[in-house]
Amino acid sequence: MVFFYFSLAICLITIFLNFYLVIGFNKIKQLSRQPIIEPEVPLAIIVAVRNEEEDLETALKSLCNINYQSYRLIVINDRSTDRTAELLNDFKSSYPQINIVTINTLPEGWIGKNNAMYQGYLSSTEEWILFTDADIVFHPDAISRAMGYAIRNKLDHLTILPEMISRSSLLNSVYATFCIMLMMHMKPWEAKNPKSKSSSGIGAFNLIRRDAYEKIGTHVKIKLRPDDDLQLGIKVKQAKLKQDVLAGKGYVCLEWYKNLSQFGNGLLKNSFSVSDYKLSIAIANVLLVLVSIALPMPVMFIFGTANIRLMAAGMLLFHIIYMSVIPPNKWWYASMIPFSGFFISWIVLRASVITVKQGGIYWRDSFYSLKMLRDEK
């Protein structure tokens with residue numbers, strides 16, 4: 001009977017969460033439907049790059065050809081050892097709006113990307129700042145529509161959920177489950193609610209008013225956070241500034257990782273930071289994912305009675321409905337939810353154990369001790 005009632009509870013919770021997520025996503029407005037800004041306001045676009053020769057050309061071309069005149073593109077070359085510097089110089093000769101800042105040494109107590117973003121801020125004077133990554137492809141109207149929305153709604157901070165694409169169908173299916181977990185954690189549709197603690201910060205697109213950025217203490221306050229984008233959003237919300245989020249389908253796109261192995265290695269670097277570098281919290285999070293996402297459907301289908309298997313089928317059906325109505329997911333991604341839960345749990349647990357065992361993390365060839373990382377909080 002315990003198994004039956006547990007299965008019933010999980011089934012009802014799953015159905016509720018699928019409805020909750022669909023309703024939540026529908027509350028997020030589409031960037032593509034926002035009017036273009038008139039008149040334009042000064043904007044600094046800051047991009048940190050390090051050994052980005054593979055993706056840099058496509059991303060920079062999209063930024064250099066946006067339908068926006070009142071902007072400067074500040075590219076921070078952070079100790080690159082590949083052809084990044086050469087590519088940047090080639091772009092500079094064709095696009096004079098590019099300003100290149102070169103970093104040769106990393107100050108002690110900083111993660112490289114965070115320091116690069118901060119140096120970009122120091123090189124800017126514009127009223128608005130857009131922090132973005134070196135692998136993002138922008139629609140020509142993306143910046144104009146985002147700025148228009150921010151100005152009309154008197155925002156201090158606007159972030160955009162990018163359209164994540166991958167050449168790997170397996171990775172896309174894992175993304176779908178990962179996004180469910182991330183959205184449940186962030187609840188971005190609640191970011192604009194001043195009474196909610198929910199916030200939103202995405203590395204692909206963090207647009208912030210200069211005075212708001214300075215009010216939260218700039219990247220100096222998050223200089224050792226691998227999850228700097230999420231932390232920036234949290235700091236904005238804690239300062240009671242006005243924040244919102246848009247969906248960037250077709251307008252802000254990236255291929256985050258090219259395959260499942262790269263995704264796993266990426267999570268290894270920063271997943272422990274979500275638990276504030278506490279092993280007990282990380283283990284609790286892993287157990288929660290296993291019990292709520294990875295195990296229920298397989299266990300119910302394999303060991304359940306006819307009624308329990310019917311509940312599992314109902315869970316799968318509602319997952320299929322969710323995947324079918326939330327783009328760019330495909331219906332069959334629902335069948336991959338247990339695998340994705342196991343995979344993400346394994347990566348988070350492995351990252352946590354490795355970090356504790358070695359006493360810190362390696363980030364871009366630099367080592368940061370756990371004491372240093374915990375003191376940052």
Side-chain angles (χ1 to χ4, degrees), residues 16-38 40-41 43 45 68 127-133 136 138-139 141-164 178-219 221-222 225 227-254 274 322 325-327:
F16 169 77
L17 288 180
N18 275 286
F19 276 114
Y20 177 71
L21 285 169
V22 170
I23 293 171
F25 273 115
N26 284 328
K27 290 180 180 179
I28 300 175
K29 297 177 181 178
Q30 294 290 327
L31 175 62
S32 60
R33 298 175 184 172
Q34 306 311 312
I36 290 173
I37 188 172
E38 245 181 85
E40 295 179 352
V41 297
L43 169 68
I45 302 175
Y68 201 89
E127 178 185 356
W128 283 86
I129 301 171
L130 171 61
F131 295 109
T132 186
D133 293 333
I136 311 301
F138 291 87
H139 183 283
D141 293 334
I143 305 293
S144 182
R145 294 182 189 278
M147 284 299 308
Y149 185 83
I151 297 298
R152 284 191 307 277
N153 290 277
K154 299 180 180 178
L155 300 181
D156 297 296
H157 176 232
L158 174 67
T159 192
I160 291 178
L161 303 176
E163 179 180 1
M164 293 196 302
F178 179 74
C179 286
I180 289 174
M181 297 167 59
L182 186 62
M183 294 304 101
M184 286 302 302
H185 174 71
M186 291 173 55
K187 301 179 182 65
W189 49 86
E190 289 291 333
K192 62 184 176 183
N193 182 358
K195 296 181 180 179
S196 171
K197 293 182 179 180
S198 298
S199 63
S200 183
I202 303 291
F205 198 102
N206 267 321
L207 177 66
I208 188 166
R209 196 186 296 272
R210 187 179 197 85
D211 56 3
Y213 179 65
E214 292 170 347
K215 182 176 181 179
I216 66 172
T218 73
H219 274 82
K221 293 296 184 181
I222 51 176
R225 293 293 306 209
D227 55 346
D228 61 291
D229 50 355
L230 296 176
Q231 292 300 316
L232 189 147
I234 290 171
K235 294 292 186 185
V236 168
K237 198 61 181 287
Q238 289 175 343
K240 301 188 183 305
L241 298 170
K242 195 170 182 182
Q243 181 181 75
D244 205 350
V245 59
L246 294 172
K249 184 177 185 299
Y251 274 68
V252 180
C253 308
L254 81 153
V274 178
Y322 166 83
V325 300
I326 301 296

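In what follows, residues are counted from 1 in the order of the sequence shown. Here the structure is a predicted model, which is why all the values come from computation and not from measurement.
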(request) Verify, without hydrogens or angle tests, whether Lys237 (side chain) and Ser196 (backbone) share a donor-acceptor contact under 3.5 angstrom. (result) yes
(request) Give a yes or no on whether the backbone of Ala191 and the side-chain of Ser199 come within a donor-acceptor separation of less than 3.5 Å. (result) no
(request) For Tyr251 and Ile143, indicate whether the former's side chain and the latter's backbone hold a donor-acceptor pair under 3.5 Å. (result) no
(request) For Thr159 and Ile202, indicate whether the former's side chain and the latter's backbone hold a donor-acceptor pair under 3.5 Å. (result) yes
(request) Locate the shortest heavy-atom distance separating Ser144 from Tyr68; write the atom from each residue and the value. (result) CA-CD1, 3.9 Å
(request) Answer yes or no: is there a side-chain heavy-atom contact under 4.5 Å between Trp189 and Met183? (result) yes
(request) Not counting sequence neighbours, which residues clear ring-ring contact (aromatic ring centres under 6.0 Å, His included) with Tyr322? List them please. (result) none
(message) Testing the basics here: between Asp229 and Gly203, what is the closest heavy-atom pair and its distance to 0.1 Å?
(response) OD2-N, 2.9 Å
(message) Has Arg209 got a side-chain atom pairing as donor or acceptor with Leu155's backbone, closer than 3.5 angstrom?
(response) yes
(message) Any side-chain to backbone donor/acceptor pair from Lys187 onto Met184? Under 3.5 Å, distance only.
(response) yes
(request) Mind listing the closest non-hydrogen atom pair of Arg152 and Pro35 along with its distance? (result) NH2-CD, 3.1 Å
(request) Identify the heavy atoms of Val22 and Val325 that sit nearest to each other, and give their distance. (result) CG2-CG2, 3.9 Å
(request) Look at atom NZ of Lys242 and say whether more than 12 heavy atoms of other residues, nucleotides or ligands are closer to it than 6.0 Å. (result) yes
(message) Could you tell me if the side chain of Leu254 sits less than 4.5 Å from the side chain of Met164, heavy atoms only?
(response) yes
(request) Please name all residues satisfying side chain to side chain donor-acceptor pair (under 3.5 Å) with Gln34, sequence neighbours left out, ordered by chain then number. (result) none
(request) Of all the heavy-atom pairs spanning Trp128 and Ala150, show the shortest one and how long it is. (result) CH2-CB, 3.9 Å
(request) Please indicate whether Phe19 has more than 12 foreign heavy atoms, meaning atoms of other residues, nucleotides or ligands, lying under 6.0 Å from its CZ. (result) no
(message) Are the side chains of Arg225 and Leu232 in contact, using a 4.5 Å heavy-atom criterion?
(response) no
(message) Is any side-chain heavy atom of Ile216 closer than 4.5 Å to one of Lys221?
(response) no
(request) Could you check His139 against Val252 for side-chain contact (heavy atoms from CB on, under 4.5 Å), going step by step and ending with a plain yes or no? (result) CA-CA 7 Å; His139 183 283; Val252 180; over 6 Å; no
(message) Rounded at 0.5 Å granularity, tell me how far CD1 in Ile208 sits from CG in Asn206.
(response) 7.5 Å
(message) Using a 3.5 Å distance criterion without hydrogens, assess whether the side chain of Glu163 forms a donor-acceptor pair with backbone atoms of Gly250.
(response) yes
